[in-house]
Amino acid sequence: MEYHNPQPPEGINVSQTHPLLDFLRLLGGLLVIAAIVFVALALLADKVAKYVPFGKELEISSRFADDFPAPGPTSAYLQDLADRVVAAQELPAGMRIRMHYVDSSTVNAFATLGGNVIFFRGLIGKMPSENALAMVISHEIAHVKLRHPISTFGRGLAIGILVAMVSAGSGSDIVGRALGNAGLLTALTFSRSQESAADAAALRTLARIYGHVAGADEVFKLLQEESTHGIGNLPAILRTHPLDQDRIDAIARIAAANGWPMQGQTQPLPEAIRRLAKESKE
Amino acid sequence: MADLIIFLALLASGYTVGRIAERRHYRSIVAREKDMANVMVFTNRFPPLTQLASQALVTGSVVVSEDYFKRVVSGLQSLFGGRLRAYESLLDRARREAVLRMKQEARDKGAKMIINVKFQTFSIPGRNPNSFGAVEVMAYGTALTPR
């Protein structure tokens, strides 16, 4: 009897699908699922954040306490102004605001977890009046009052946990790294609707403190000038902050609807603050 | 950002290098399979030859590792389930290469056939899921040389 081993045909044990096609199909599927989960988690975090007690927020923020700059005369002045804003804005009991001053030319201010509000010298130096500064402070405090930092933080946390779970499920950290690390300490950015809500609350506070809202729109006029020198003009839909012109218009609309005068006597910034903001260590 | 660039660079190099190596390997496998067709392979335990033959154990072993691209694709695939296509060609190459090495050993001994052929695999990194993926495929059997 004759024996022979025939050569088996190719392609039985190996799929002929192109590996790149396979990869793109998997990646596409994953991105669609990730997008759905992302949106669902973001909505959920927004809904749940309101029920997180402020004490918890303080607990979380106490971990970063060492990162905040040491208090000084400028932060004391900011704190003083903030205390007046807090009284006018009627924050819930137990919610306290702590102002921090950073000696840096960055034109920025932001609110973060635990009622901590950080102001940069660059922004204070640009403020034409105390009223304008109070507007910015009110705006940041309104973020805290409306629980925006904790809801943004919760969203980041939920997504971070999701990424960790996915990467654990796939048996390696590669997928997790590819999806990007939704870290805990990334800068908290707020949505446009959150910014608009904070603007409206800040305007109400300003009217309550000074009896008029003069100076409120100066902040955004300043920012408008800044941005024309800056990154350039992105279309409105791509920006998280409502366009400055839109915000100026919104301020005028809200002021008119509530009968708050747009004109009035504005308070100048104390001489010491103006000098400090200009003559810095830098 | 630097992480992402490194990741993409590894992915691209894993894909191109892995693909080139795979094509080259398949060409070599097909050519050598034709070359060594005269050494026959049987899974049967009993020799088909009636004449007396000397017997010897012959083995062929291959250790094969995934590339970065295959690793990422299989990582993604493991989220959804289904055929791990990225690994199919890898293991196919490993099996055929192991048989070829076994045949080579048999032919060097002057054998005409190998009976009772079996395969054995062993995962090199063991069960640690975060380690690299590599597997040994070994083919072994009894080579029969006509006396």
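Letters A, B, ... are given to chains in the order of the sequence lines, protein chains preceding strands, and every chain is numbered from 1. These figures come from a predicted structure and were not determined experimentally.
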- Message: Which atoms of Phe69(B) are under 4.5 Å from chain A, going by heavy atoms: the side chain, the backbone, both sets, or neither?
- Response: side chain
- Quick one: CD on Gln7(A) to CD on Glu33(B), what's the gap to the nearest 0.5 Å? 4.5 Å
- Message: How about CZ on Arg98(A), more than 12 heavy atoms from neighbouring residues, nucleotides or ligands closer than 6.0 Å, or not?
- Response: no
- Note on the structure: The reported gap from CD1 in Ile29(B) to CD in Glu10(A) (rounded to nearest 0.5 angstrom) is 8.5 Å
- Please flag which part of Leu11(B) lies under 4.5 Å from any non-hydrogen atom of chain A: side chain, backbone, both or neither. side chain
- Message: Test of understanding: with salt bridge (charged side-chain N to carboxylate O under 4.0 Å, His left out), list the residues that count as partners of Glu97(B), not counting sequence neighbours.
- Response: Arg32(B), Arg101(B)
- Query: How many angstroms lie between OG1 in Thr17(A) and CZ in Arg85(B), if you round to the nearest 0.5 Å?
  - Reply: 4.0 Å
- Measure the spacing between CG of Leu20(A) and CZ of Arg19(B) and express it to the nearest 0.5 Å. 7.5 Å
- Message: I need the residue from Lys34(B), Gln77(B), Arg93(B) with the largest number of non-hydrogen atom pairs under 4.5 Å to chain A.
- Response: Gln77(B)
- Message: Counting only non-hydrogen atoms closer than 4.5 Å, does Leu27(A) touch chain B with its backbone (N, CA, C, O), its side chain (CB onward), both, or neither?
- Response: both
- Can you sort out the partners of Tyr140(B) under side-chain hydrogen bond (donor to acceptor under 3.5 Å, both in side chains), two or more places apart, ordered by chain and number? none
- Message: Under 4.5 Å from any heavy atom of chain B, what part of Asp22(A) do you find: side chain, backbone, both or neither?
- Response: side chain
- Task: Kindly compute the distance separating CZ (Phe80(B)) from CG (Leu26(A)), expressed to the nearest 0.5 Å.
- Result: 6.0 Å
